[in-house]
Protein chains: 2
Amino acid sequence: MRGRGRGAWWQERFQNAGARITAPREVVLDILHETEEHMSAADVYVKAHAINPSIGLTTVYRTLDMLTQMGIVQKFDFGDGKARFELVNNPGGKKHHHHLICLKCKAIIDYTEFIDEEVEFIEKTQRKLSKKYDFTITDHAISFFGQCAKCREGVSF
Amino acid sequence: MRGRGRGAWWQERFQNAGARITAPREVVLDILHETEEHMSAADVYVKAHAINPSIGLTTVYRTLDMLTQMGIVQKFDFGDGKARFELVNNPGGKKHHHHLICLKCKAIIDYTEFIDEEVEFIEKTQRKLSKKYDFTITDHAISFFGQCAKCREGVSF
DNA sequence: GTCGTTATTGATAACGATTTTCATTTTCAA
DNA sequence: TTGAAAATGAAAATCGTTATCAATAACGAC
């Protein structure tokens, strides 16, 4: 059943945090594991509800928020009014990536290229910031903004 | 009065884009120029309305959106449900910076350190992405997420 | 300067994502 | 097994943002 039992990695984290392991939480995590998309809370809810109709939207929100605070999930805003969520270190899932965002049509392009150079830069910066601001850094995001080819033509600005 | 007449730089950009130069737009731009904060639309509205009570909230939203699409303003989401806006190249204003965001208390720390190393990395990446995806890149954002010292103590997760 | 076209504006209503409330249910340690 | 505390879900409430539409203002042509 939906991977119950395997990836107990997050169960440990929950227990260490004093959080309980519940059916809705298992379902949400399973869904995130099996997805390649940037899912909104509503997207997750639809899938969760299909699996177990007793799961409510509120709980999905609460779970996603909790996972975000735990650093298990990363929350994004692409400017379309709804937050998107992705598992942070999805083993065997989506590769580490960043975003290219069109300011006109709000299209999102994921890119995974050039990560090698990034890693070095990020690690160095992270180390310095972490020390200087006494901050525990668990994740980062890099976004580039501009106009996609399509929008550049239909110009107005 | 509020810098009217100087910084005509944006007025030219408006004209080239076929956009009209109006009182509300001037006010919004002046406000952004004079601010060091990350302002929400409501923040801008309050100031704008104080300066000229006839300016409506709707127009503030429209103006900020327009400026964002023009690349004059950058829009951020720090996870507290409201968008924040900052002038991109504020001459004599705030230096180029990025953000350190506490996932627990949502505190934002601006950092300007280590930018030299960043510039090199960003330029290289930008050049490559731009070519590969046929995308005109006008801006970027780097954010680090984690927990601030204060939140690390009151732990729960 | 006047005029007319057309973009812009602002009040209000509508919208929709997220959060709050609170009574009920579930988890899990004792 | 049991009970305290955490978690849940349905519904209502919140609140940031957007759409509507009649009134207004900008600015090029004259």
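Atom set for the values below is all heavy atoms of this structure, side chains included, hydrogens, waters and symmetry mates excluded. Numbered from 1 within each chain, the chains take letters A, B, ... in sequence-line order.
The two residues A/Q74 and A/H140 come nearest to each other via the heavy atoms NE2-O, 3.3 Å. The nearest pair of heavy atoms linking A/H96 to A/E118 is NE2-OE2, 3.0 Å. In this structure, A/S40 and A/F85 approach most closely via the heavy-atom pair C-CD1, 4.4 Å.
Going from atom NZ of A/K82 over to atom C1' of C/dT19 covers 18 Å, rounded to whole Å. Atom CE of B/M66 and atom C1' of C/dA7 are 10 Å apart (whole Å). Straight-line distance from the CZ atom of B/R25 to the P atom of C/dG10: 11 Å, rounded to whole Å. Rounded to an integer number of Å, the gap from B/D80 CG to C/dA17 C1' is 14 Å.
Considering only heavy atoms from C-beta on, A/V44 stays 4.5 Å or farther from A/T35 through its side chain. Side-chain contact between A/E34 and A/K47: absent, with no pair of heavy atoms (C-beta onward) separated by less than 4.5 Å. The shortest side-chain heavy-atom distance between A/F78 and A/I101 falls under the 4.5 Å cut-off. In this structure the side chain of B/I122 reaches within 4.5 angstrom of the side chain of B/I142, judged on heavy atoms. Considering only heavy atoms from C-beta on, B/F14 comes within 4.5 Å of B/M70 through its side chain.
Within residues 52-65 of chain B, the residues that have a heavy atom under 4.0 Å from DNA chain C are, in order of number, B/S54, B/I55, B/G56, B/T58, B/T59, B/R62.
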Q | Worked verdict on B/L67 versus B/L32 for side-chain contact (heavy atoms from CB on, under 4.5 Å) | A | CA-CA 11 Å; B/L67 293 172; B/L32 292 174; 4.2 Å; yes

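Nucleotides of DNA chain D lying under 4.0 Å from heavy atoms of chain A occupy a range whose first and last members, 5' to 3', are D/dA5 to D/dA11.
Nearest-nucleotide mapping onto DNA chain D: of A/H49 and B/K75, the residue sitting toward the 5' end is A/H49.
Side-chain contact of B/H99 with B/D110: a donor-acceptor pair under 3.5 Å is present, judged by distance alone. Counted by atom type alone, B/D65 and B/T68 present zero donor-acceptor pairs between their side chains at under 3.5 Å.
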Measure all distances between protein nitrogen or oxygen atoms and nitrogen or oxygen atoms of nucleotides 24-28 of chain C, and list the pairs falling under 3.5 Å.
{"residue": "C/dT27", "atom": "O2", "partner": "A/R20", "partner atom": "NH1", "Å": "2.7"}
{"residue": "C/dT27", "atom": "O2", "partner": "A/R20", "partner atom": "NH2", "Å": "3.2"}
{"residue": "C/dC28", "atom": "OP1", "partner": "A/I21", "partner atom": "N", "Å": "3.0"}

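Within the 4.0 angstrom heavy-atom criterion, no nucleotide atom of any strand lies near B/A42.
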